[in-house]
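Start at 1 and go down the list; that is how both ligands and their atoms are numbered.
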Amino acid sequence: MDLIEETYFGWDPLTHADDCPVPVWDTVEIRRSTGVRPAGPSTSDAHACTNPMCEHAAVFGRVQLRLLCRDCGTVRIISGEGLSEACTHTSLTGWGQHPTRTGGVWLWPGRPAIPGGAPHQYLVTQQPAALTRATLHGIITGYHDSTGRQRWIAAAVPDEDGAHHVSALRWRHSSPGLTTVAEAADWISALHIRPQRTLVVSV
Ligand SMILES: [Zn+2]
Ligand SMILES: [Zn+2]
């Protein structure tokens, strides 16, 4: 299972020239070709080597991706061997969907547990413009309690020294088990409204 923070964080934009007036890639193209390995002494198509992961084929799939920005003239070429490709959709990745406003916060969905289903995790921000490590405010994560019922835990305020561990992140505050995502979002919103009180409680 993917960690939701890996779905959203650790991905770097492919940058343009510093002075690019419209930093949007105009052309994105892929080239698929077949590379041939240098022939060894063997006359057969397959070579022999000791690498257990190698299929010992004489040919390999090569992929090149190129991006062009007409505004700044930047061309980026990314190439590799044996790459995998996937064409999927935001309904299956979660990532790429618009955040939804719930209570006073915005929820960014993780990957749905099953196609067309609801995600079992959301990251939370206090505005809809961007989800970054800097704007991350909370997390809502689902689990099943001892009777098998769906429950949700909310956590807020990421903090490396926080006492609460939810997903692979540490947080200053975390909720008890709640019954709905909306309730979890409300818990985070309410926490934000009364910061002094939580400060007193945590001392
Ligand atoms: Zn550009
Ligand atoms: Zn080999």
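Shown here are the side chain to side chain contact (heavy atoms under 4.5 Å, CB included) partners of Thr7, two or more places apart in sequence or in another chain: Asp2, Trp95. Every side chain to side chain contact (heavy atoms under 4.5 Å, CB included) that Val22 has, sequence neighbours left out, goes to Val24, Asp71.
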With a 3.5 Å cut-off and sequence neighbours excluded, list the donor-acceptor pairs that the side chains of residues 160-168 form with protein atoms.
{"residue": "His164", "atom": "ND1", "partner": "Ser174", "partner atom": "OG", "Å": "3.2"}
{"residue": "Ser167", "atom": "OG", "partner": "Glu5", "partner atom": "OE1", "Å": "2.9"}
{"residue": "Ser167", "atom": "OG", "partner": "Glu5", "partner atom": "OE2", "Å": "3.3"}
{"residue": "Ser167", "atom": "OG", "partner": "Gln121", "partner atom": "NE2", "Å": "3.4"}

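Residue Ile139 forms a side-chain contact (heavy atoms from CB on, under 4.5 Å) with just one option from Leu123, Ile188, Leu107, Val124, and that option is Leu123.
Of all protein atoms, those of element N, O or S that lie under 2.8 Å from the Zn ion (ligand 1) number 4.
Side-chain polar atoms of Thr15 and Arg76 form a donor-acceptor pair below 3.5 angstrom.
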request  = Step by step, work out the side chain to side chain contact (heavy atoms under 4.5 Å, CB included) result for Tyr8 and Leu136.
outcome  = CA-CA 10 Å; Tyr8 282 98; Leu136 177 66; over 6 Å; no
